[in-house]
Amino acid sequence: QVQLVESGGGLVQAGGSLKLSCAASGRTFSNYAMGWFRQAPGKERDFVAAINWSGGSTYYADSVKGRFTISRDNAKNTVYLQMNSLKPEDTAVYYCAADVALGLRYHEDEYDYWGQGTQVTVSS
């Protein structure tokens, strides 16, 4: 079992930045591929970004490419999502997820463990 706890969400004006953190506990963090997803009100949960076990490979949704950066610190059992140039359409609950895998994972159903989510609201 892996427990995931997100933090760092909040209210920010358009053009601003936020950094989300996801702290993992329970198993060897470096055994897990990690990802970030988001769900806006009334919409399905969408993929945002993924990172492999070492942090050497990353992948982004087109909607956030160039604005968001996913990273991880295996010594701290934490994955991050740096979000810059935020837009109102980025408003959503952001979830981190973990999968027992070394490579990248892009799809929601590939992930075995999920955090409770953190709200990000971008005002115009």
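Residues take their numbers from the sequence shown, with the count starting at 1.
Side-chain contact between Leu4 and Met34 is present, with heavy atoms from C-beta onward closer than 4.5 Å. Using a 4.5 Å cut-off on side-chain heavy atoms (C-beta onward), Phe29 and Lys76 make no contact. With contacts defined as side-chain heavy-atom distances shorter than 4.5 Å, the pair Ser17/Gln82 qualifies.
Counting all heavy atoms, side chain and backbone alike, Ala14 lies closest to Pro88 at CB-CD, 4.1 Å. In plain terms, the two heavy atoms of Ala40 and Ala92 that are nearest each other are N-CB, 3.8 Å.
Between Trp114 and Tyr95, the ring planes lie perpendicular to each other; the angle is over 60°, past the 30° to 60° tilted range.
The residues Asp99 and Arg105 are annotated as salt-bridged, a charged nitrogen and a carboxylate oxygen being separated by less than 4.0 angstrom. Taking a cutoff of 4.0 Å between a charged side-chain nitrogen and a carboxylate oxygen, Asp90 and Lys87 do not qualify as a salt bridge.
Cluster membership check: Val2 does not share its hydrophobic cluster with Tyr80, using side-chain heavy-atom separations under 4.5 Å among Ile, Leu, Val, Met, Phe, Trp and Tyr. Val120 is connected to Phe68 through a chain of hydrophobic side-chain contacts under 4.5 Å among Ile, Leu, Val, Met, Phe, Trp and Tyr, so both are in one cluster. Cluster membership for Leu18 and Leu11, using ILVMFWY side-chain heavy atoms within less than 4.5 angstrom, is not shared. The hydrophobic clustering, which links ILVMFWY residues whose side-chain heavy atoms are closer than 4.5 Å, places Leu81 and Tyr111 apart. Val79 and Val93 are not part of a single hydrophobic cluster, where members link through side-chain heavy atoms under 4.5 Å apart.
In this structure, OG1 on Thr58 lies 7.5 Å from CG on Leu104, to the nearest 0.5 angstrom. Distance check, rounded to the nearest 0.5 Å: CG of Asn84 to OG1 of Thr69 gives 6.5 Å. In this structure, the separation between CZ on Arg38 and CE on Met83 is 9.0 Å, given to the nearest 0.5 Å. Between the OG atom of Ser63 and the CD atom of Glu89 there is a distance of 9.0 Å, given to the nearest 0.5 Å. One distance of note links CG of Asp46 with CZ of Phe37; it measures 9.0 Å at 0.5 Å rounding. Interatomic distance, OH of Tyr94 versus CG of Leu20, reported as 7.5 Å (0.5 Å rounding).
Using modelled atom types, no side-chain atom of Asn77 and backbone atom of Ser25 make a donor-acceptor pair closer than 3.5 Å. A donor-acceptor pair is defined here as one N or O able to donate and one able to accept, closer than 3.5 Å; such a pair exists between the side chain of Glu6 and the backbone of Gln116. Panel note: side chain Thr91, backbone Thr121; no donor-acceptor pair is recorded below 3.5 Å. Side-chain atoms of Thr28 never come within 3.5 Å of backbone atoms of Ser30 as a donor-acceptor pair (strictly under, hydrogens ignored). In this structure, Tyr32 contributes its side chain and Tyr113 its backbone to no donor-acceptor pair below 3.5 Å.
No more than 12 heavy-atom neighbours from other residues, nucleotides or ligands sit within 6.0 angstrom of OH on Tyr59. The neighbour count for Lys43 NZ, taken as heavy atoms of other residues, nucleotides or ligands under 6.0 Å away, does not exceed 12.
Side-chain contact annotation: Thr78 with Asp73, donor-acceptor N/O pair under 3.5 Å absent.
Under the disulfide (SG to SG under 2.5 Å) criterion, the residue pairs touching residues 22-124 are Cys22-Cys96, with sequence neighbours excluded.
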